[in-house]
Amino acid sequence: MTEPSKLPHHGVPEHQPVAGGIAARARATAGPQYLNGLNPEQREAVETLDGPVLVLAGAGTGKTRVLTTRIAHILSQGRARPQEILSVTFTNKAAREMKLRLGQMLGQAVEGMPWLGTFHSIGGRILRIHAELVQLKSNFTVLDVDDQVRLLKQLLQAENIDDKRWPARMLAGLIDSWKNRGLSPSQVPAGEAASFGNGKGGKIYATYQERLKILNAADFGDLLLENIRLFRENPDVLRQYQNRFKFILVDEYQDTNVAQYLWLRLLSQAPSRPGRSLADVIPGDLTSPRLRGEVGSQSDPGEGDSPQTVLVETPPHPDPLPASGESEQPALKNICCVGDDDQSIYGWRGAEVDNILRFDHDFPGAKVIRLERNYRSTGHILAAASHLIAHNEGRLGKTLRTEDVDGEKVTVTGSWDSEEEARAIGEELEELQRSGENLNNVAILVRASFQMREFEDRFVTLGLPYRVIGGPRFYERAEIRDALAYLRTINSPADDLAFERIVNVPKRGLGDATVQLLHDHARKRRIPLFEAARAVVETDELKPKARGSLRDLVMQFDRWRAQREVTSHTELAEIVLDESGYTEMWQKDRSADAAGRLDNLKELVRSMEEFENLQGFLEHISLVMDRDGEAGDEAVSLMTLHSAKGLEFDNVFLPGWEEGLFPSQRTLDEQGRAGLEEERRLAHVGLTRARRRAKIYFATNRRIHGTWSTTIPSRFLDELPAHNVEITESKGGSGWGGSGGYGASRFDNLESFGSSYSTPGWQRAQANRNRGGGGRSGGFEERQSSFTSSDSFSRTKRGPMVIEGELVAKSTGTTSEFSLDDRVFHQKFGYGHVVKIDGNKLTIAFEKAGEKKVVDSFVERA
DNA sequence: CATCTGGTTATTTTT
DNA sequence: TAACCAGATG
């Protein structure tokens with residue numbers, strides 16, 4: 001996998017200089033080679049091997065480097081063998097990155113690090129080994145959200161719950177959040193359990209778990225939660241892992257949820273003696289005030305289930321030695337958590353910032369090391385980001401500093417509306433391009449994905465290459481899941497969810513009625529759906545058409561299963577996709593993304609090659625598949641702030657800094673101050689992605705859900721230090737009558753922002769504004785009327801704008817190879833025909849997307 | 001059983 | 001506005 005032949009230099013982060021002059025260099029020569037170039041704090045983080053360590057690693061301070069070097073250090077010091085180190089990350093990408101860097105550092109393949117991976121993949125691996133102890137078989141299926149929802153829908157129907165009022169999706173989210181908090185069905189506080197489906201929510205959660213066992217399946221949450229249950233109910237198993245892992249390393253600790261925290265806690269205790277119970281393993285103190293408050297406060301004190309003890313679950317067998325167990329504080333393992341509280345942006349998904357804030361409480365005697373030397377951004381950018389994040393209260397506090405030059409100031413640009421914003425950024429991008437900047441060094445980071453559309457439209461007209469990062473992950477795409485469902489059905493005939501998914505895809509005339517019949521049969525005879533299908537085909541319960549169709553399908557699957565013995569799994573996949581008519585279905589589909597879907601299917605089959613057999617492939621696919629590729633050609637990256645975490649670019653554009661959008665009104669409404677702080681961290685993450693240039697934008701008018709509304713510049717703008725910020729004029733905005741005046745008044749407004757944030761009146765002004773903002777849950781749209789009138793105004797403005805776009809296009813001077821009425825295909829918009837030609841600039845009427853202006857190199861003849 | 005139509009609802013997203 | 005889904009229609 002990781003080739004030892006990789007260039008040794010490749011993995012060295014960025015442009016980190018050899019730290020701090022003579023002293024450091026002298027010391028560096030003293031230690032082993034791999035310690036060279038670490039600054040003193042990094043070095044301390046690497047060399048402090050004993051006891052709990054928390055490394056607070058600010059943005060761009062060499063976090064991954066510390067983590068990998070620490071592993072190298074442990075190995076080279078002979079403190080542990082590779083298989084004795086547990087090293088967890090959140091994403092596959094991070095795990096891959098670590099493997100890669102480690103391989104380079106050690107000059108060796110890292111196959112010997114079997115326990116380096118994501119929480120979920122490691123949890124899943126442990127679970128497969130001991131599957132029978134949690135009522136599963138080791139080849140259990142990992143369900144995706146789709147499967148979960150489908151299953152829950154069935155359960156809701158069985159309970160006669162109106163799924164209009166109580167959507168399955170909502171329950172899926174609820175169950176997921178319970179699992180994130182480490183709560184099994186019996187542990188969910190009664191009040192919460194009753195909050196869904198007329199009090200039946202908790203019951204359905206329990207039934208859902210039972211159904212999962214019958215289906216031999218686990219959802220993502222189970223990979224951790226069932227793991228925790230495994231450990232709690234089987235102390236000997238837990239002990240085995242406690243013994244094995246001499247060192248534990250955790251990446252992105254600020255993103256851990258309660259379940260992950262509990263899992264880590266269990267593993268990080270020194271192994272207890274055999275015969276002792278859970279009380280040893282989980283000291284009562286584990287239920288920290290935070291957890292107790294969270295779990296306990298939400299249920300009635302009088303409930304029989306005693307929610308307070310939830311986290312110290314009663315073991316299956318009563319503790320034989322409770323008294324002595326309590327007083328002992330079991331020794332803690334050598335656990336090292338790396339994270340940055342200022343980059344915690346996944347609170348809404350269950351991450352507990354508190355985990356990192358309370359680290360030294362949870363792990364007494366922990367050593368806390370701060371990495372504050374930033375090797376990424378220039379001075380002004382770093383100062384702006386630091387100043388901004390300093391407005392947060394719930395943080396451990398770090399001050400990033402750099403030895404780099406001040407560089408360019410952060411710019412703030414106001415525009416009339418979001419369209420002008422996109423235009424302004426488009427022009428800046430062209431300017432960058434002209435000045436020889438590689439577009440791979442440029443990113444546009446938005447708060448919400450709907451903002452991307454405007455940029456895409458603009459870039460398409462400009463012919464500016466861009467790529468969208470994020471969006472649905474590879475294995476989440478419908479075509480991939482369909483293909484997987486076929487393979488799952490072949491592999492395990494009892495996988496009802498998979499069979500149900502593809503029974504009528506492509507259309508075979510087997511609709512709801514047929515499926516319902518199969519369900520009835522299956523339930524009555526307690527057999528899987530597939531077997532029910534086989535049986536039903538023998539009866540005359542179905543209409544001849546459906547019956548024949550179903551018989552064919554059953555026979556096909558029988559044939560494929562037989563073929564499995566004599567064919568490689570990749571070949572089998574091709575055969576299945578072909579014979580089932582699935583490939584054909586997409587070939588016939590004329591929509592824009594059909595071609596892409598076919599590509600994805602090919603990619604899926606190709607990726608199967610890396611696995612031994614079908615079984616192995618299916619076990620890992622849901623955990624390991626992610627889109628990665630896309631390295632490809634030079635292009636501007638377009639993504640959300642969330643998906644930008646961990647990345648860096650020379651030039652970063654940050655549009656949409658407006659109240660309501662950023663910070664998001666919804667977050668503010670739902671999470672209050674905590675929500676605001678998380679939004680602010682998001683802003684901090686955005687700014688710190690930039691190496692050399694950070695450019696912020698806000699628009700005065702934005703269309704939200706189809707209606708125009710006036711917006712106020714984001715409060716985060718007021719929180720930027722005036723000294724490091726420059727107000728610039730929107731380039732796209734200059735030159736129109738009317739808008740200049742508006743722009744100027746905007747700037748008046750802005751003029752005050754720099755100096756006002758620190759003035760005494762600032763707080764009050766801010767409060768006023770907030771009140772105005774808070775009270776306008778409808779106010780966001782309220783101004784609409786005043787802007788319907790301005791709509792005609794802006795429409796007249798659109799005239800010159802379009803011409804401008806054409807001028808840019810004309811300047812390229814080439815004549816198009818297309819002619820009027822040509823039928824063409826565009827990657828994004830699909831099929832259409834040419835209605836106008838202007839140099840290399842085409843106007844195309846798309847079948848689906850309507851009329852668009854597109855540069856000819858972006859379309860091909862259809 | 002497939003297709004059409006109207007009502008509804010709008011972040012962020014590993015695994 | 002637009003995209004998605006559920007129920008009514010052919």
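Each chain gets a letter, A, B and so on, in the order its sequence line appears, and its residues count up from 1.
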Taking N or O atoms only and anything under 3.5 Å, show me the protein contacts with nucleotides 2-4 of chain B, one pair per line.
| residue | atom | partner | partner atom | Å |
| --- | --- | --- | --- | --- |
| dA2(B) | OP1 | Gly509(A) | N | 3.4 |

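- Using a 4.0 Å cut-off, no side-chain N or O of Thr707(A) falls inside it from OP1 or OP2 of dT1(C).
- Ile704(A) has its CD1 atom 14 Å from the P atom of dA10(B), to the nearest Å.
- The CD atom of Glu252(A) sits 12 Å away from the P atom of dT15(B) (whole-angstrom rounding).
- Remark: Asn392(A) engages Arg680(A) in a side chain to side chain donor-acceptor pair (under 3.5 Å) (not counting sequence neighbours).
- Within the structure, ring-ring contact (aromatic ring centres under 6.0 Å, His included) contacts touching residues 153-179 of chain A (residues at least two apart or in different chains) are Trp166(A)-Phe196(A), Trp178(A)-Tyr205(A).
- The distance from atom CZ of Phe220(A) to atom P of dT15(B) is 8 Å, rounded to the nearest whole Å.
- Nucleic acid contact for Ala513(A): sugar-phosphate only, since backbone atoms but no base atoms lie under 4.0 Å from a heavy atom of the residue.
- In this structure, the ring pair (Phe, Tyr, Trp, His ring centres under 6.0 Å) partners of His120(A), at least two apart in sequence or on a different chain, are Phe220(A).
- Note: CE (Met639(A)) to C1' (dT13(B)) measures 15 Å, nearest angstrom.
- Every residue two or more places apart in sequence or in another chain was checked for a ring pair (Phe, Tyr, Trp, His ring centres under 6.0 Å) with His521(A), and none qualifies.
- Comparing the same atom, C1', in dC5(C) and in dT12(B) gives a spacing of 23 Å after rounding to whole Å.
- When the side chain to side chain contact (heavy atoms under 4.5 Å, CB included) test is applied to Asn139(A), the partners found at least two apart in sequence or on another chain are Lys137(A), Asn216(A), Gln615(A), Glu619(A).
- Picking from dT15(B), dT13(B), dA10(B) the nucleotide with the shortest atom distance to the side chain of Thr91(A) gives dT15(B).
- The distance between atom CD of Glu677(A) and atom C1' of dT12(B), rounded to the nearest whole Å, is 18 Å.
- Residues passing the ring pair (Phe, Tyr, Trp, His ring centres under 6.0 Å) test with Phe455(A), sequence neighbours excluded: none.
- One can place CE of Met170(A) at 10 Å from P of dT9(B), the figure rounded to the nearest angstrom.
- Here Trp348(A) lies parallel enough and close enough to stack on the base of dT12(B), with planes under 30° and ring centres under 5.5 Å apart.
- Within the 4.0 angstrom heavy-atom criterion, no nucleotide atom of any strand lies near Asp144(A).
- Candidate nucleotides dC1(B), dT15(B), dT13(B) were compared by shortest atom distance to the side chain of Thr640(A), and dT13(B) ranks first.
- Contact annotation for Glu678(A): no contact, since no heavy-atom pair falls under 4.0 Å across all strands.
- The distance from atom CG of Asp146(A) to atom C1' of dT15(B) is 15 Å, rounded to the nearest whole Å.
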task: Quick one, give me the B/S/- string for nucleotides 2-10 of chain C, reading 5' to 3', where B means a protein heavy atom under 4.0 Å from the base and S means that only happens at the primed atoms, P, OP1 or OP2.
output: S---S----
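- Arg703(A) places its CZ atom 6 Å from the C1' atom of dT1(C), with the value rounded to the nearest Å.
- Ser643(A) has no side-chain polar atom (N or O) that falls below the 4.0 Å cut-off from OP1 or OP2 of dT12(B).
- Here Phe698(A) and Trp657(A) keep their ring centres 6.0 angstrom or further from each other.
- Using a 4.0 Å heavy-atom cutoff across all strands shown, Glu476(A) reaches at least one base atom of the nucleic acid.
- Across all strands shown, Ser664(A) has heavy atoms under 4.0 Å from base atoms, whether or not it also approaches the sugar-phosphate.
- Listed by chain and number, the residues in a side chain to side chain contact (heavy atoms under 4.5 Å, CB included) with Glu159(A) are Ile161(A), Lys200(A), Lys203(A), Ile204(A) (sequence neighbours excluded).
- Of the possible polar contacts, one joining the Arg128(A) side chain to the Ser138(A) backbone as a donor-acceptor pair under 3.5 Å is found.
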